[in-house]
Each structure stands twice: as C-alpha cells, then as structure tokens.
Amino acid sequence: MARALEMAELAASRGEVPVGAVLAKDDDIFAEGHNLTVTSSDPTAHAEVVVIREAARKLGDWRLTDFTLYVTLEPCTMCAGALVLSRIRRLVFGALDPKAGMVGSLGNLIQDDRLNHWVEMTPGVLADASRTLLQDFFRARRGN
C-alpha cells in the first residue's frame, strides 16, 4: 500500500488527481500506476484500470484471479466493475470516497451476490495519508 501512495504522489506531481494503484501477486508487485485521465485525455484512465490493463497485457490473460489490488481511494463504479470483470481476488484501499465510492460508500458492487465474482476487501489502509494527499491537491487547485 505504501507503493500505491507513492504512485498517488507521482500523479499529483504530474497534475493528475492523486490516486495510485499497485497490483501484486504473492507480495510481488506485478503492475503499478496512477491516474492518467488528464495526461491521456481518457476518462477511463483511473489508476485501477491502468494497472489492470497493464497486468492483463503482461500476463496475456484477462483473468487476474490470484492478484491483490492496492489503491489509495475507494474505487468508483467503473473501477469496481473492472475488479469484478478481471476476477481480482482481493482489494485493499485507503480513503473512502463518499461521493463516488462503490465498494462501501454508495453501494458495494464487488460483493454483490447477484454477480458471478466476489472480491475480498480490506478498507482503510493508510486512509489518513491517502485522504490528506487528495485534500491538499484539491486545496491547491482551488488556491486555498
């Protein structure tokens, strides 16, 4: 999770919303990245999607069943859907996102019994540091 936070800091330094993600297997980092929506002019280039795409390419398979995703912010609906579709085993995340989070705040897509895959979840890891990074970023953008 510490590496995901480093990725979020890198995103902030590049003018991206500071969300970082790391995909690991057996405690080894397999893919890492951060939000790239501004850089790539791609509204789907959230940190989670960036690392899922990279891992699937490297692995040569869309099924990421033995992987854990570490991300600094609670995933949105799109990213929660990507976790389910890629069959990720476990999600570990930092700060809650009360406006867009879809793994606890507004709903819980990754553990919906109606779907064909269920993702284990550990919330709140390095939440304060993740939240502070986001708050500082948006404060600076507003000029406060």
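FYI, side chains are in, hydrogens and waters are out, and symmetry mates aren't considered; it's all heavy atoms of this structure.
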Inset, instruction - Check the hydrophobic clustering (I, L, V, M, F, W, Y; side-chain heavy atoms under 4.5 Å; chains of links allowed) and say if L115 and L106 are grouped together. - result: yes
Legend entry - Single-linkage hydrophobic cluster M121~Y70, side-chain heavy atoms < 4.5 angstrom: no
Inset, instruction - Quick one: list whatever passes side chain to side chain contact (heavy atoms under 4.5 Å, CB included) with D136, sequence neighbours left out. - result: T132, R139
Legend entry - Sub-4.5 Å side-chain heavy-atom contact between M1 and L5: no
Legend entry - Partner set under ring-ring contact (aromatic ring centres under 6.0 Å, His included) for F67, not counting sequence neighbours: F30
Inset, instruction - Decide yes or no for L83 and L91: does some side-chain heavy atom of the first lie under 4.5 Å from some side-chain heavy atom of the second? - result: yes
Legend entry - Partners meeting side chain to side chain donor-acceptor pair (under 3.5 Å) with Q135 (sequence neighbours left out): none
Legend entry - side chain to side chain contact (heavy atoms under 4.5 Å, CB included) against A80, all qualifying residues, sequence neighbours excluded: M102, V103, L109, I110
Inset, instruction - Taking side chain to side chain contact (heavy atoms under 4.5 Å, CB included) as the test, write out the residues that go with L96, two or more places apart. - result: E74, F93, S105
Legend entry - Test side-chain contact (heavy atoms from CB on, under 4.5 Å) applied to R14 and H34, step by step: CA-CA 10 Å; R14 295 177 172 171; H34 57 74; 3.2 Å; yes
Legend entry - E32: side chain to side chain donor-acceptor pair (under 3.5 Å) partners, not counting sequence neighbours: R3
Legend entry - Shortest non-hydrogen contact between A47 and G33, atoms and distance: CB-O, 4.4 Å
Inset, instruction - Sequence neighbours left out, what pairs pass salt bridge (Lys or Arg N to Asp or Glu O under 4.0 Å) with at least one residue falling in residues 95-114? - result: D112-R114
Legend entry - Atom of I88, atom of V119 and distance for their closest heavy-atom approach: O-CG2, 3.5 Å
Inset, instruction - Using a 4.5 Å cut-off on heavy atoms from C-beta on, say whether the side chain of M78 contacts that of E48. - result: no
Inset, instruction - Would you sort out whether T44 and D42 count as a side-chain hydrogen bond (donor to acceptor under 3.5 Å, both in side chains), showing the intermediate values? - result: CA-CA 5 Å; T44 69; D42 180 356; 2.7 Å; yes
Legend entry - Minimum side-chain heavy-atom gap R141-V17 below 4.5 Å: yes
Inset, instruction - Please answer: with hydrophobic residues joined when any side-chain heavy atoms are less than 4.5 Å apart, are I52 and L59 in the same cluster? - result: yes
Inset, instruction - Find out if a path of hydrophobic residues (ILVMFWY) with successive side-chain heavy-atom gaps under 4.5 Å connects V50 to V19. - result: no
Inset, instruction - Quick one: closest heavy-atom pair of G94 and S130, and the distance? - result: CA-OG, 4.1 Å
Inset, instruction - Check side chain to side chain contact (heavy atoms under 4.5 Å, CB included) between R57 and all other residues, then give those that pass, not counting sequence neighbours. - result: R53, E54
Legend entry - Close side-chain approach of V92 and V71, heavy atoms under 4.5 Å: no
Inset, instruction - Mind listing the closest non-hydrogen atom pair of G20 and A8 along with its distance? - result: N-CB, 3.5 Å
Inset, instruction - Kindly state each residue pair satisfying ring pair (Phe, Tyr, Trp, His ring centres under 6.0 Å) with at least one member in residues 97-144, sequence neighbours excluded. - result: none
Legend entry - Sequence neighbours excluded, every pair satisfying side chain to side chain donor-acceptor pair (under 3.5 Å) that has a member inside residues 84-94: T68-R89, R90-T122
Inset, instruction - Determine the minimum heavy-atom distance between T37 and P43, stating which atoms define it. - result: CG2-O, 4.0 Å
Legend entry - Note, T39 side chain near L36 side chain (heavy atom, < 4.5 Å): yes
Legend entry - Interatomic distance, T72 atom OG1 to L133 atom CG [nearest 0.5 angstrom]: 7.0 Å
Inset, instruction - Could you tell me which residues satisfy side chain to side chain donor-acceptor pair (under 3.5 Å) with T77, sequence neighbours excluded, listed by chain and number? - result: none
Inset, instruction - Applying side chain to side chain donor-acceptor pair (under 3.5 Å), name anything that partners D26, two or more places apart in sequence or on another chain. - result: none
